[in-house]
S.K.: 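Mind having a look at this structure? Questions to follow.
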Amino acid sequence: MVGRMSRKLGVREESFIYLSMTTTEGDQPADIISTVEFNHSGELLATGDKGGRVVIFQQEQENKTKSHSRGEYNVYSTFQSHEPEFDYLKSLEIEEKINKIRWLPQKNAAQFLLSTNDKTIKLWKISERDKRPEGYNLKEEDGRYRDPTTVTTLRVPVFRPMDLMVEASPRRIFANAHTYHINSISINSDYETYLSADDLRINLWHLEITDRSFNIVDIKPANMEELTEVITATEFHPNSCSTFVYSSSKGTIRLCDMRASALCDRHSKLFEEPEDPSNRSFFSEIISSISDVKFSHSGRYMMTRDYLSVKIWDLNMENRPVETYQVHEYLRSKLCSLYENDCIFDKFECCWNGSDSVVMTGSYNNFFRMFDRNTKRDITLEASRENNKPRTVLKPRKVCASGKRKKDEISVDSLDFNKKILHTAWHPKENIIAVATTNNLYIFQDKVN
Amino acid sequence: MEEEEGLHQLQLLDTMFVRGLKRKCFDGEEDIEGTLAGFKALPSYNLQRQSLLDMYLVKLQLCHMLVEPNLCRSVLIANTVRQIQEEMTQDGTWQMISTQSTGQTSLDRLVSTDILCRSSKEQVEGKLVQGYSSFPKDFEDTQSQESSEILSTVTSGQAPRSLQSNMWEIENPQENRGNFQKSLDQIFETLENKTPDSVEDLFSEVDNSYYDLDTVLTVMMGNTKMGHCDVLETFPSQAPTNSNSNCKSDLNELDHIVEILVES
């Protein structure tokens, strides 16, 4: 798994250069991007939006003559994955917003992905059609049936090339297994089963079976008066098919082994960092809530994102993370305002690069941050159209927390909290990243020398 | 104009908050005298906390005004409210509240009890408040006139603060334990009466009756169209007058609101 990268990426001042920006635009509320995910080869990039649509981008084949960049990403397929539903029993609307997309590894010519909204998970098959049969005996070319009595000779239909058509069809629908809102799905390394987690329960599915799922974690208390914690994210270990983790709103991560028992309510490991008493406030619990958890490709580490920081945990050490990176510490003194405008509940995601040497996460003002684990350097970049023309190098940004603002710095008070980057993804092999602002998708890639 | 003021309030809160809490942590280790001294040094700490509590109340209200309440968010807010409550208990603020509460009328008690602790059967059948007018009906046998007077007081659009004081200045009689420390547990007190099915829905889904109660609450707040800033603004402005009673009414209100939140 490790070492697939063609070139190591380092976060040096001059080397963090990204060019070539592809944006898709939409101004409707339904166009708000809600998830971004590369497939296993990195050739395809899927996005889901609030309107229940999935848009897949495909990387162009490398152009030998154009040595400056790898292929750009163009729209490959668009389809409506989920529709809004109405639960009549509870008088509730079920949003069609796509919460997560996860790709299956490619086994044949077709591609498969799982997409989920709050209640239902669907397995989609995306296949190409670039040939079509022509020369039927009983049908005309336009589909009308021929009168059999007019058939005097027989011919064998042949395949002739046609314009590429990409079709998406739902192959499985996994429904009615979640009372609460699904927040994550994760495909097992056995490529046969997957997890789905809502606020209080985690279910294990087999990809072939839609009418049954196993409940493997249930943290719903018998007396709801005791409810103080919810599940926020879950992921299977990349290599060990019986191991998974789930994070909670209290800032803990539990690692469970499915071999231990059928119901994994008792964790094998509990990862929790003791609270720093000097930072304690009424908002401590809210900002400690983990919004995302991701294993490293190697499987040795996992990364968690809480409101202000990114933490890297060694799976062998439970009592504290091995690395902590402050994403936007300057917000600590603004928690009251952020609570009032609800931003404190924003759920940021995080991701690893292919070699696990750099981690990335989003922030406000359309900023996103990268942290190099080896050099301990970090960089802040901005995803915006005004400041970046295609093929230009991204300029590092800096936020001025207090005191005198230097030239080119941005003060905390002028940050736009409506412009948030919650979803980011990193190509599994190359230095290509996808960053979603509210309505736009930006794809940046490393400058190829 | 109001928005600017609201914003200013927030910025003030931010600064107050950061400073005050850091000092608080220092003082936490000391004995009672030290703590009292700490408080004297920070006359604004209680005000900060009060403002924060007010905000949380607003949040909880708005929380269940959404089409689909976000469970994670609700839990986080409720936990923090509980934390504030516990702290207030430790401070001794609670004791001041308890002594003041003995003089409450039985009517108010009845109002709150009935609204909040409906039998599960009624809820399941959707007989819960079908709108504003049913409130008086429910209390026909129990001094309904007075309650409708209170309700009409509510509708006449008084300032939110006094509204709350009138309607929610109550000590829930079911709570014979007699101390507010467990008042957040009241959230789920009604659980005991619930059928297994409705238990499932707690904290997750919203039903019609929920909306109606919600509308009532919203109107009681004074103005459904009030923005966050506006509502927030009205709270601190009244706080200095009588912080203790405000505290108490807030927390009562909080209890009730959280109970309603969960009841659905």
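Below, chain A is the first sequence line, B the second, and so on; all start at residue 1.
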S.K.: Begin with the C-alpha distance, continue with both residues' side-chain angles, and end with the deciding distance and a verdict on side-chain contact (heavy atoms from CB on, under 4.5 Å) for N70(B) and H181(A).
M.R.: CA-CA 8 Å; N70(B) 184 323; H181(A) 292 174; over 6 Å; no

S.K.: Could you tell me which non-hydrogen atom of L76(B) sits nearest to which non-hydrogen atom of S249(A), and how far apart they are?
M.R.: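 Smallest interatomic distance, heavy atoms only, reads CD2-O, 3.7 Å.
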
S.K.: Of all residues at least two apart in sequence or in a different chain, which pass the salt bridge (charged side-chain N to carboxylate O under 4.0 Å, His left out) check with E85(A)?
M.R.: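 E85(A) satisfies salt bridge (charged side-chain N to carboxylate O under 4.0 Å, His left out) with no residue once adjacent residues are dropped.
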
S.K.: Considering all heavy atoms of both residues, which atom of S281(A) and which atom of Q83(B) are nearest to each other, and what is their separation?
M.R.: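 Looks like O-NE2, 4.0 Å.
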
S.K.: Against chain B, label T232(A) side chain, backbone, both or neither, depending on which of its atoms sit under 4.5 Å from a heavy atom there.
M.R.: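 For T232(A), the contact with chain B is made by the side chain alone.
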
S.K.: Tell me whether the count of non-hydrogen atoms from other residues, nucleotides or ligands lying under 6.0 Å of CG in D265(A) goes above 12.
M.R.: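 Enclosed.
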
S.K.: So which heavy atom on F282(A) is nearest to which on T80(B), and how close?
M.R.: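 Result for this residue pair: O-CG2, 3.0 Å.
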
S.K.: Just to verify, which of D198(A), N183(A), L227(A) counts as forming a side chain to side chain contact (heavy atoms under 4.5 Å, CB included) with L71(B)?
M.R.: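 Between L71(B) and the candidates, side chain to side chain contact (heavy atoms under 4.5 Å, CB included) is satisfied uniquely by L227(A).
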
S.K.: Counting only heavy atoms not in K250(A) (residues, nucleotides, ligands), do more than 12 fall under 6.0 Å from its NZ?
M.R.: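 More than 12 heavy atoms, drawn from other residues, nucleotides or ligands, come within 6.0 Å of this atom.
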
S.K.: Mark yes when over 12 heavy atoms from residues, nucleotides or ligands other than F86(A) sit less than 6.0 Å from its CZ; otherwise mark no.
M.R.: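 Yes, because the 6.0 Å sphere around CZ of F86(A) holds more than 12 heavy atoms from other groups.
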
S.K.: Counting only N and O atoms by type, is there a donor-acceptor contact under 3.5 Å from the side chain of N79(B) to the main-chain atoms of T228(A)?
M.R.: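 Flag set: sc N79(B) to bb T228(A) pair under 3.5 Å.
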
S.K.: Quick check: do K347(A) and C72(B) have side-chain heavy atoms less than 4.5 Å from each other?
M.R.: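 In contact.
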
S.K.: Look at atom CZ of F417(A) and say whether more than 12 heavy atoms of other residues, nucleotides or ligands are closer to it than 6.0 Å.
M.R.: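 Yes - once you tally the heavy atoms of other residues, nucleotides and ligands closer than 6.0 Å, there are more than 12.
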
S.K.: Is any side-chain heavy atom of R73(B) closer than 4.5 Å to one of D342(A)?
M.R.: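 The answer is yes, as the side chains (C-beta and beyond) meet within the 4.5 Å cut-off.
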
S.K.: Taking side chain as everything from C-beta outward and backbone as N, CA, C, O, which of these in L200(A) sits under 4.5 Å from a heavy atom of chain B? Side chain, backbone, both or neither.
M.R.: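 Side chain of L200(A) only, per the 4.5 Å heavy-atom cut-off to chain B.
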
